[in-house]
**Q** 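Have a look at this one.
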There are 2 protein chains.
Amino acid sequence: MLDSKHIKHFEKLVGTENMYSDKAHLIAYSYDATREKYEPDAVLFPRTEEDISEVLKYCNEHSIVIVPRGAGSGFTGGALPSTGGIVLALEKHMNKILEIDMENMVAIVQPGVINMDLQKAVEAVGLFYPPDPASQEYSTIGGNVAENAGGMRAAKYGITKDFVMALRAVLPNGEVIRSGKRTIKDVAGYNITGILIASEGTLAVTSEITLKLIPKPKLVKTAMGVFNSVNSAMEAVYKTMASGVVPVAMEFLDNLTIRAVEQTFNKGLPIEAGAILVTDVDGNLENDLDFQLAQIEKVFRENGCSEFKIAKDEAESADLWFARRNASPALSVYGSKKLNEDVTVPRSVLPELLEKFYAIAEKYDINIPCFGHTGDGNVHTNVMVDGSDPEQVKIAYKAIEEVFQATIDLGGTLSGEHGIGIAKAPYMKMAFSEAELTLFQTIKQAFDPNNILNPKKMGLE
Amino acid sequence: MLDSKHIKHFEKLVGTENMYSDKAHLIAYSYDATREKYEPDAVLFPRTEEDISEVLKYCNEHSIVIVPRGAGSGFTGGALPSTGGIVLALEKHMNKILEIDMENMVAIVQPGVINMDLQKAVEAVGLFYPPDPASQEYSTIGGNVAENAGGMRAAKYGITKDFVMALRAVLPNGEVIRSGKRTIKDVAGYNITGILIASEGTLAVTSEITLKLIPKPKLVKTAMGVFNSVNSAMEAVYKTMASGVVPVAMEFLDNLTIRAVEQTFNKGLPIEAGAILVTDVDGNLENDLDFQLAQIEKVFRENGCSEFKIAKDEAESADLWFARRNASPALSVYGSKKLNEDVTVPRSVLPELLEKFYAIAEKYDINIPCFGHTGDGNVHTNVMVDGSDPEQVKIAYKAIEEVFQATIDLGGTLSGEHGIGIAKAPYMKMAFSEAELTLFQTIKQAFDPNNILNPKKMGLE
């Protein structure tokens, strides 16, 4: 519980209309996409960077925990007030696109801007912001920066960090800093932007973000390949990427996922297939796209692709993408409890990774349907069980631990795009050495000596 | 002077053949491209990461300063032992390309590998490592990472940081850490890779570097445009980039630079021109390159380009590039002392920036020829004076200070690719706030509490 003198102070700082401690608000800001719930002691809606600064300064002086929050769409609990404290909700007021600078191909936004709103705004003037997390219709750019969000187009264009040129941020002591410039090159001083990206709101609160934009490619085409075995599809993925063509996206669905989508939506999918790959290519010239698609078809066919289809128009493209876009909800046919992870490995070991996952499924007699961003080695691994059966849930967590171990053994990472938060914190010791974890703690301590900013996340103290 | 007990210990650690404190070695490792000289107390050639670890651990325990060094080709003194201590020279033993992983398009190298050696090795197997600092024939990848080196191809492909996927590094206490994976996506833990890049050897010693490679474009074409005024050329630069075409490089020479090259090499250059722009485009299809060049010519012509020439073959391309590639040495016609900076601004203010530079030149009655990477807003600004005249040298430093101020006023940075080192340390207070400088110091202190690693660089204590 927050002392009433603190409440009064915050009301004075941001206005009573931007400070809430009533039950309705506490519940509304208690959850994210993990479905876990932790009620904060209060919810603040800062109007400006100065508000953020004043709030942090006060919290730092009074050791009050503060948890920055965008849309609350994260999968790992990064925005959850898991130790209580104040939620600093940036989506209400700090949600403006401040500038689209066409001459320098740069956008300057507040952290609460929704990813898709930015995409639409820049595409309207012929520019392009590639990072497209699945949450793009509701997640905020600030949250994308905090978690270093990825998406389907990462195979060609990279992830959020590849587009952040500069930040303004508020340190836990209330000091406002800026890092980086509206320039591709800037090597003066430490790369603060680099360390703030993916820091999950534990080091500073981002108050303004400068993003690199690129010219929007004029053309996009979609193709789909059907494979008899998931193994041959995975071979096709990395061999395509290594053959010199760089598709925008190269996504896969395994047999269990195909069956789940078919069972749910009845789209006439090939339910005997080992895997489907769906891919987009883009560019400015028809024959460039044709060249890329011919190369992809060649490698696919050489690696066991029995059917290859190129979409003739947008409707056919949407059709080819339908199964992939609806994979996640369809998986509920396998159980009410889903532990979905976003492990990522070097592309060349994808075949081996999936073999290991299916062996884990067999061992525990559960389903682990997989789909996702194979173009960058990122596999959405879904351990499905009956959530009403505690024994099954226990088994699911055992299986997940083995999923992580298999990933790490193959040179992969716990998280390709969702972050660590609280959900993966228990596994940090599997992935990092004592020296590495100590270094993380040292960095946290340097930025936030009173540990007021989103504490106990990412395996930190 | 280093105590003889320390010398004996280091000899035991790395072998007498890898530890030198004789005058010849001390002189050989006392300089870099700044032409300043600081003799170290000893020079060590570590053979392995373990050697680096043992040396750092010992130095940390005994408060001995240690300065990591690649090829010593830096322009700002990052590798100079400006406060004495030991030079840790990585170019002798730790210079292996450990792996070129074609399946994942990744190279794993030791820090002492020369940039051009890596480029050649990966191009031999159809891959491409874009970062191409002017020092590419002798600078090391470790040095490139430490300074976050850029180059001509940054306009399209970005800089060193955009290609570093993972690092192994030794902390000042001797602990070895790794950061990142052989994957495009990895968001587990703090982005240590991000903060180590451009940290100029002040936080850790990099012992292994994992680099992203891309497929090598099959075709490259070169074009050149002649402009009556530098202002119209600068307009053409950012309007070209904003028009939807992304050239690999977009370089310029101003009138003074053109004259200097012509005077030195007699190539028939247009000495009345206000500026020349030289540009490369690349891709896999002829008509894609033609499309890009047509777009560039269109924008150039609309912005005062009086002559536009496309190279027909490699010889003609080399000819078009000759003036740009030989600009730097040719400038000696304007004086024996050159203060060359690498300021960078958002592209759209390039016209204004150059106007300001020429006004500074006029004010002090000196020459400030400019050339460089306009495609990314990076201008090599050369304040030229008679080095034997102390009065002129004083004026040069005054002019440089105004060059930096003009850059910062236009939203630019002190350094686009050379780093800060000792050369630009005095200007850090112009570019950063007290809070930002304090944060840099806090980060340094967190990584290196005993301040043994390359101290007093980047304006740090």
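Values in this document were obtained by computation on a predicted structure and should not be read as measured data. Within every chain, numbering begins at 1; the chains are lettered A, B, ... in the order of the sequence lines, protein sequences first and strands thereafter.
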**Q** Please look at B:N287 and chain A and tell me whether the side chain, the backbone, both or neither of the residue comes under 4.5 angstrom of a heavy atom of that chain.
**A** both
**Q** Please determine whether a side-chain nitrogen of the Lys or Arg among B:K185 and A:D342 lies less than 4.0 Å from a carboxylate oxygen of the Asp or Glu.
**A** no
**Q** A:A154, A:P346, A:A435, A:G375: which one forms the most heavy-atom pairs within less than 4.5 Å of chain B?
**A** A:P346
**Q** Return the option, out of B:L439, B:L460, B:D162, with the maximum number of heavy-atom pairs under 4.5 Å with chain A.
**A** B:L439
**Q** So that I can tick it off, tell me whether A:K181 and A:D186 are bridged by a salt bridge, with the cut-off set at under 4.0 angstrom between side-chain N and carboxylate O.
**A** no
**Q** Are B:E99 and B:R182 close enough for a salt bridge, meaning some N to O gap below 4.0 Å?
**A** yes
**Q** By a 4.5 Å heavy-atom criterion (distance strictly below it), what part of B:A155 contacts chain A: side chain, backbone, both, or neither?
**A** backbone
**Q** Tell me, side chain or backbone of B:V349 under 4.5 Å from chain A's heavy atoms, or both, or neither?
**A** neither
**Q** In Å, rounded to the nearest 0.5 Å, how long is the span from CZ of A:F440 to OG1 of A:T202?
**A** 10.5 Å
**Q** If you count heavy-atom pairs under 4.5 Å between each of A:T76, A:D101, A:N378, A:N173 and chain B, which one has the most?
**A** A:N378
**Q** Tell me whether the rings of B:F75 and B:H418 are parallel (<30°), tilted (30 to 60°) or perpendicular (>60°).
**A** tilted
**Q** Considering non-hydrogen atoms only, spot the tightest contact between B:D448 and B:P172 and give its length.
**A** OD1-CB, 3.5 Å
**Q** What part of B:V345 lies closer than 4.5 angstrom to a heavy atom of chain A: side chain, backbone, both or neither?
**A** backbone
**Q** Evaluate the side-chain proximity of B:L127 to B:M105: yes if any heavy-atom separation is below 4.5 Å, no if none is.
**A** yes
**Q** With only heavy atoms counted, which part of B:M428 is less than 4.5 Å from chain A, the side chain, the backbone, both or neither?
**A** side chain
**Q** Once you measure the plane-to-plane angle for A:F404 and A:Y427, does it fall in the parallel (<30°), tilted (30-60°) or perpendicular (>60°) bin?
**A** tilted
**Q** Using a 4.5 angstrom heavy-atom cutoff, name the option from B:V176, B:T193, B:I192 with the most pairs to chain A.
**A** B:I192
**Q** Specify which of B:G126, B:A198, B:A188, B:G412 makes the most heavy-atom pairs with chain A at under 4.5 Å.
**A** B:A188
**Q** Please identify, among A:G244, A:G459, A:S433, the residue contributing the most non-hydrogen atom pairs under 4.5 Å to chain B.
**A** A:G244
**Q** Side chain, backbone, both or neither: which part of B:L171 has an atom under 4.5 Å from a heavy atom of chain A?
**A** side chain
**Q** Heavy-atom distance under 4.5 Å to chain A: side chain of B:D288, backbone, both or neither?
**A** both
**Q** Do you see a donor-acceptor pair shorter than 3.5 Å between the side chains of B:T413 and B:T344?
**A** no
**Q** Taking side chain as everything from C-beta outward and backbone as N, CA, C, O, which of these in B:I184 sits under 4.5 Å from a heavy atom of chain A? Side chain, backbone, both or neither.
**A** both
**Q** Answer with side chain, backbone, both or neither: which region of B:A431 has an atom nearer than 4.5 Å to a non-hydrogen atom of chain A?
**A** backbone
**Q** Check whether the side chains of A:S348 and B:N104 place a donor and an acceptor atom closer than 3.5 Å, and report yes or no.
**A** yes
**Q** Less than 4.5 Å to any heavy atom of chain A: does that hold for the side chain of B:K444, its backbone, both, or neither?
**A** both
**Q** What distance separates B:N284 CG from B:L289 CG, expressed to the nearest 0.5 Å?
**A** 9.0 Å
**Q** Among the options B:M458, B:E147, B:E175, pick out the one with the most heavy-atom pairs lying under 4.5 Å from chain A.
**A** B:M458
**Q** Given the options A:G411, A:A446, A:G189, which has more heavy-atom pairs under 4.5 Å with chain B than any of the others?
**A** A:G189
**Q** Using a 4.5 angstrom heavy-atom cutoff, name the option from B:A242, B:G416, B:P215, B:G194 with the most pairs to chain A.
**A** B:G416
**Q** Counting only heavy atoms closer than 4.5 Å, note whether B:Y190 contacts chain A via side chain, backbone, both or neither.
**A** both
**Q** Does the side chain of B:V164 come within less than 4.5 Å of B:N148's, by heavy atoms?
**A** no
**Q** Heavy atoms, side chains only, cut-off 4.5 Å: are A:F447 and A:L196 in contact?
**A** yes
**Q** Counting heavy-atom pairs closer than 4.5 Å to chain A, which one of B:T442, B:I195, B:L285 comes out on top?
**A** B:L285
**Q** Under a 4.5 Å heavy-atom cut-off, does chain B meet the side chain of A:F291, its backbone, both or neither?
**A** side chain
